[in-house]
Amino acid sequence: MPKKKADTLVSVGSKIKKIREKKNVTFEQIANDTGCSIDYLQKIESGEIMPPVGVLLQVSRALDINSDLLLKDNGTTVKKRVQAYNKRTENYAYTALTPVAENKHLKAFKIMIEPMKDHEGVGYQHEGEEFIYVLSGRIEVIVGENVNNLNEGESLHFNSGIRHKIKNIDNKQAELLVVIYV
């Protein structure tokens, strides 16, 4: 039986909480290291929300752990690994393309965004650089105050330390290749 969204949320949140408490790290410390609010971090831990991959990478760095601990399940079968890397938020589906890149700074993802959708109220911001290549569809990438419209075959490379947001501006699903270096 496939995992329900709530199971995944609790799993990621409980992993973060367990590691944070074991390392005796406060919410204030993680908030300062990630730029996330304490309320947002508490909602992640409680399983109320599923953070975007960029936030999970930031939290991993703040906790000084390998990001794979949060991006995958502890299962050892190939099927479970594939499922672990198919993280879904409300409007985005993530598939890690670098699942065995443990202790590496570069992470690549294939992201599917539903038509005319974005992460409402969620902006990404994480240390490093980001590269987005549009495999299909049309998207809008807002970096700070700058709005970039990308069509199929176009790309954008930017400083991911600047708050950014991605939105599908097409009436069909958008497919992206996103590479994050943290």
Side-chain angles (χ1 to χ4, degrees), residues 2-5 7-9 11-12 34 36 44 49-61 66-73 75 77-182:
K3 279 187 176 183
K4 294 179 183 174
K5 183 178 176 184
D7 294 338
T8 302
L9 294 175
S11 177
V12 170
T34 63
C36 297
I44 292 170
I49 59 173
M50 175 59 145
V53 172
V55 171
L56 290 176
L57 294 172
Q58 288 178 287
V59 170
S60 298
R61 189 172 204 127
N66 184 329
S67 60
D68 287 345
L69 292 173
L70 302 181
L71 294 172
K72 69 177 183 180
D73 288 334
T77 68
V78 173
K79 184 176 180 182
K80 285 185 180 180
R81 277 193 178 197
V82 170
Q83 288 173 344
Y85 280 97
N86 288 312
K87 299 291 184 192
R88 179 172 287 281
T89 64
E90 196 162 313
N91 300 318
Y92 286 33
Y94 298 93
T95 302
L97 301 175
T98 53
V100 293
E102 295 181 18
N103 301 316
K104 303 294 182 193
H105 293 282
L106 187 124
K107 302 284 183 181
F109 301 90
K110 183 171 78 172
I111 298 178
M112 307 296 279
I113 308 173
E114 295 301 317
M116 305 303 292
K117 297 290 184 176
D118 65 355
H119 276 302
E120 293 181 24
V122 176
Y124 304 96
Q125 187 173 6
H126 49 88
E127 186 178 322
E129 299 175 50
E130 190 159 329
F131 173 81
I132 299 173
Y133 179 81
V134 181
L135 297 167
S136 66
R138 293 182 314 129
I139 63 167
E140 177 180 271
V141 182
I142 301 171
V143 181
E145 299 295 321
N146 189 42
V147 177
N148 302 274
N149 288 308
L150 302 176
N151 295 307
E152 184 175 321
E154 295 181 326
S155 63
L156 179 66
H157 180 219
F158 58 93
N159 174 353
S160 55
I162 300 169
R163 194 160 211 60
H164 53 285
K165 189 173 188 175
I166 304 171
K167 178 179 182 177
N168 184 345
I169 56 173
D170 204 349
N171 60 3
K172 66 177 186 172
Q173 188 177 54
E175 184 177 13
L176 317 173
L177 171 64
V178 177
V179 180
I180 300 172
Y181 181 86
V182 291

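Because the structure is predicted, anything quoted here is derived from the model rather than measured.
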Short side-chain to backbone donor-acceptor contact, Asn168 and Glu114, under 3.5 Å = yes

Is a side-chain N or O of Arg163 found less than 3.5 angstrom from the main chain of Gly144, in a donor-acceptor match?
-> no

Can Val134 and Asn151 be said to form a side chain to side chain contact (heavy atoms under 4.5 Å, CB included), step by step?
-> CA-CA 6 Å; Val134 181; Asn151 295 307; over 6 Å; no

Identify, with sequence neighbours excluded, every residue that meets ring pair (Phe, Tyr, Trp, His ring centres under 6.0 Å) alongside Tyr181.
-> His105

Measure from the side-chain N and O atoms of Asn148 to the backbone N and O of Val141, and report whether any donor-acceptor pair falls under 3.5 Å.
-> yes

Value rounded to 0.5 Å, distance of CG in Leu176 from CZ in Phe109 = 13.0 Å

What residues, two or more places apart in sequence or in another chain, satisfy ring pair (Phe, Tyr, Trp, His ring centres under 6.0 Å) together with Phe158?
-> His164

Sub-3.5 Å donor-acceptor pair from the side chain of Thr34 to the main-chain atoms of Val59, do we have one?
-> no

For the residue pair Asn159 and Gly161, what are the closest heavy atoms and their distance?
-> OD1-N, 2.7 Å

Ile180 versus Leu57: any side-chain heavy-atom pair under 4.5 Å?
-> yes

Just do the side chain to side chain contact (heavy atoms under 4.5 Å, CB included) check on Ser60 and Asn66 with the steps written out, would you?
-> CA-CA 6 Å; Ser60 298; Asn66 184 329; over 6 Å; no

Do NZ/NE/NH1/NH2 and the carboxylate oxygens of Lys110 and Glu175 come within less than 4.0 Å?
-> yes

Decide yes or no on side chain to side chain contact (heavy atoms under 4.5 Å, CB included) for Ile111 and Leu177, but give the supporting numbers first.
-> CA-CA 6 Å; Ile111 298 178; Leu177 171 64; over 6 Å; no

Closest heavy-atom pair, Val12 versus Leu70, reported as atoms and distance to 0.1 Å, is CG2-O, 3.9 Å

Flag the pair Ile162 / Asn146 as yes when at least one side-chain heavy-atom distance between them is below 4.5 Å, and no otherwise.
-> no

Evaluate the side-chain proximity of Glu130 to Ile132: yes if any heavy-atom separation is below 4.5 Å, no if none is.
-> yes

Would a 4.5 Å heavy-atom cut-off, applied to side chains only, mark Lys167 and Ile139 as touching?
-> no

Shortest non-hydrogen pair, Glu129 vs Ser160, comes out as N-OG, 3.2 Å

Closest non-hydrogen atom pair, Ser155 against Tyr133 | CB-CD1, 3.9 Å

Give, for atom CG of Asp170 and atom CD of Glu152, the distance between the pair rounded to the nearest 0.5 Å.
-> 10.0 Å

